[in-house]
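Source: prediction; values computed, not measured. Every number for a ligand or one of its atoms is a count from 1 in the order of the listing. This chain uses plain numbering: 1 for the first residue, then up along the sequence.
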Amino acid sequence: MYNRSWVEVDLTQIKQNLRIYKDSVAPNATIMAVVKADAYGHGDIEVVKLLQCEGVEHFAVANIAEAIRLREHGIAGQILILGYTPVEELDDLVAYKITQALISEEYAEALANTGKNVTCQFALDTGMNRIGIDADDPVKCEKIIRKFAERLKITGVFTHLCIADLNTEEATIFTREQIRKYEAVVERIKDLNLPYNHCLNSAGGLWHRASVNAFIRLGIVLYGLKPDYANQIPKGIEPALSWKSTVAMVKIVHVGETIGYGRSYRAEKEMKIGTVPTGYADGYNRLLSNIGYVLINGKRAPITGRICMDQMMVDVTEIDDVKMGTEVVLLGRSGEEILTADNMAQQIGTIGYEIVCDISKRVERRYI
Ligand SMILES: *Cc1c(COP(=O)(O)O)cnc(C)c1O
């Protein structure tokens with residue numbers, strides 16, 4: 001496994017990304033680091049421990065297992081679960097001092113009915129239609145929040161921006177409207193003095209301002225990727241994750257022969273083909289079959305044929321000195337060439353988030 005397929009996470013880069021991000025947003029901004037999905041595939045414990053040293057005290061995760069994992073590794077501070085946790089898991093929420101998002105009035109009722117003193121934050125739906133109580137009616141929101149403030153330990157309200165990464169006029173107007181709806185609710189419950197109200201994600205923090213406070217849920221940019229690959233993010237923020245493998249074997253393929261399952265690639269000339277021991281079970285997206293590329297010795301090696309479960313074949317005809325054991329860069333830098341998760345995402349119509357989150361657990365994470 002050691003030299004088959006592995007990820008290198010540059011923790012110093014994550015630290016730099018945090019510092020540059022903070023410098024580019026409101027100077028007094030408080031950061032809640034979003035470390036769901038194993039810190040977007042980077043390794044939650046290592047990332048959180050680093051961030052704690054940098055003074056970050058608030059963390060957000062997707063589910064209770066992720067939250068408990070942090071606590072069991074000695075992580076203090078606030079841990080907020082951003083989505084649904086079944087009511088049956090309530091005892092763990094309390095025992096581990098985890099903050100739960102209240103995703104609806106019905107859900108709040110179910111939690112309150114248990115009579116347990118759960119710490120919660122109300123999700124407000126300002127236009128995404130995912131979770132939260134409908135902020136189109138701030139009076140009703142106020143009523144609901146006040147009602148449950150007596151039965152649950154409510155420490156804040158939050159909303160999520162769904163198009164803050166797009167800078168068209170229409171998108172900007174929509175985002176401003178989301179922030180306005182959120183602020184209207186916050187204003188109505190001001191006297192409750194809730195300590196943690198927040199509405200900004202990575203993109204929101206960079207390109208929008210909320211007057212209420214500057215508490216930012218920072219995810220993707222912490223890892224050096226862009227909310228959308230068309231975005232310009234502050235200089236010096238770079239991907240912290242590289243993904244590497246090694247050449248397993250090199251062979252000559254003759255004119256007319258085909259490569260891989262389904263015989264989807266046909267050699268038009270004599271070719272030198274390298275087999276790389278990484279495939280879709282490692283999280284390498286199969287849609288990159290015949291269109292993606294890897295980097296070897298500072299050059300691009302196009303993927304030939306379909307990505308297999310555990311292996312892929314690449315064209316190394318034009319690359320010198322390729323043999324068993326030669327390093328293959330799946331994501332990251334090789335010589336002058338750089339291939340980012342955002343580049344890869346663009347090739348197959350997805351986002352960098354999905355590329356890094358999909359790198360599977362059998363790919364070892366190393367920290368540099
Ligand atoms: C994932 C998530 C974030 C982080 O978003 P980024 O675009 O990665 O900064 C923030 N808030 C909520 C509710 C999320 O689900």
Side-chain angles (χ1 to χ4, degrees), residues 14 17-18 20-22 24-26 29-42 44 47-48 51 56 58-64 66-67 78-85 98-104 107 120-133 135 155-167 171 175 178-179 181-182 196-208 210 213-234 237 239-241 340-342 345 350-358:
I14 292 182
N17 293 345
L18 174 69
I20 296 175
Y21 186 88
K22 283 177 80 173
S24 2
V25 299
T30 303
I31 299 294
M32 169 178 270
V34 182
V35 294
K36 61 194 178 190
D38 201 22
Y40 294 39
H42 292 64
D44 52 4
V47 169
V48 167
L51 295 173
V56 177
H58 310 279
F59 302 96
V61 296
N63 64 37
I64 189 154
E66 291 178 352
Q78 174 174 217
I79 301 178
L80 169 65
I81 299 177
L82 296 167
Y84 177 65
T85 301
I98 292 161
T99 306
Q100 174 58 44
L102 294 173
I103 61 168
S104 67
Y107 183 68
C120 304
Q121 293 181 11
F122 247 111
L124 305 176
D125 186 355
T126 53
M128 184 169 182
N129 279 313
R130 184 169 68 176
I131 57 165
I133 53 174
T155 59
V157 300
F158 71 97
T159 195
H160 195 42
L161 305 177
C162 56
I163 196 162
D165 57 344
L166 193 68
N167 70 0
T175 300
Q178 281 198 281
I179 295 173
K181 288 182 198 172
Y182 156 80
Y196 307 118
N197 298 321
H198 41 103
C199 70
L200 301 172
N201 51 13
S202 294
L206 285 174
W207 301 304
H208 298 276
N213 62 9
F215 190 109
I216 301 171
R217 300 188 306 272
L218 174 61
I220 197 72
V221 176
L222 181 62
Y223 308 104
L225 296 174
K226 302 170 180 177
D228 182 280
Y229 48 73
N231 293 147
Q232 295 279 351
I233 53 175
I237 295 182
L241 180 151
T340 68
D342 289 325
T350 185
I351 49 178
Y353 300 69
E354 190 185 7
I355 300 293
V356 287
C357 286
D358 272 1

- Query: What is the closest protein heavy atom to atom 9 (O) of ligand 1, and at what distance does it sit?
  - Reply: Ser202 OG, 2.5 Å
- Message: Just to verify, which of Asn63, Ile64, Ile103 counts as forming a side-chain contact (heavy atoms from CB on, under 4.5 Å) with Tyr84?
- Response: Ile103
- Message: Between Gln121 (side chain only) and Asn197 (backbone N and O only), is there a donor and an acceptor less than 3.5 Å apart?
- Response: no
- Query: So is there a nitrogen or oxygen of Val34 less than 3.5 Å from a nitrogen or oxygen in ligand 1?
  - Reply: no
- Could you find the nearest protein heavy atom to atom 4 (C) of ligand 1 and give me its residue, atom name and distance? Tyr40 OH, 3.4 Å
- For ligand 1, is there an atom lying under 4.0 Å from some heavy atom of Arg130? yes
- Quick check: does any side chain N or O of Asp358 sit under 3.5 Å from a backbone N or O of Ile355, one acting as donor and the other as acceptor? no
- In the protein, what heavy atom is nearest to atom 12 (C) of ligand 1, and what distance, to one decimal place, separates them? His160 CE1, 3.3 Å
- Where does Ile220 meet ligand 1, judged by heavy-atom distances below 4.0 Å: at the side chain, the backbone, both, or neither? both
- Note on the structure: the protein heavy atom lying closest to atom 7 (O) of ligand 1 turns out to be Tyr353 OH, 2.7 Å
- Query: Looking only at heavy atoms, is any part of Lys226 under 4.0 Å from ligand 1, and if so is it the side chain, the backbone, or both, or is it neither?
  - Reply: neither
- Any donor-acceptor pair under 3.5 Å linking the side chain of Asp342 with the backbone of Ala345? no
- What protein heavy atom sits nearest atom 14 (C) of ligand 1, and how far away is it? Lys36 NZ, 2.9 Å
- Task: Would you confirm whether Glu66, through its side chain, and Ala62, through its main-chain N or O, come within 3.5 Å as a donor-acceptor pair?
- Result: yes
- Note on the structure: Only one of Leu222, Val221, Asp165 passes side-chain contact (heavy atoms from CB on, under 4.5 Å) with Ser202, and that residue is Val221
- What residue and atom, counting heavy atoms only, is the protein's closest point to atom 11 (N) of ligand 1, and at what distance? Arg217 NE, 2.7 Å
- Message: Ignoring hydrogens and geometry beyond distance, is a side-chain donor-acceptor pair present between His160 and Arg217 at under 3.5 Å?
- Response: yes
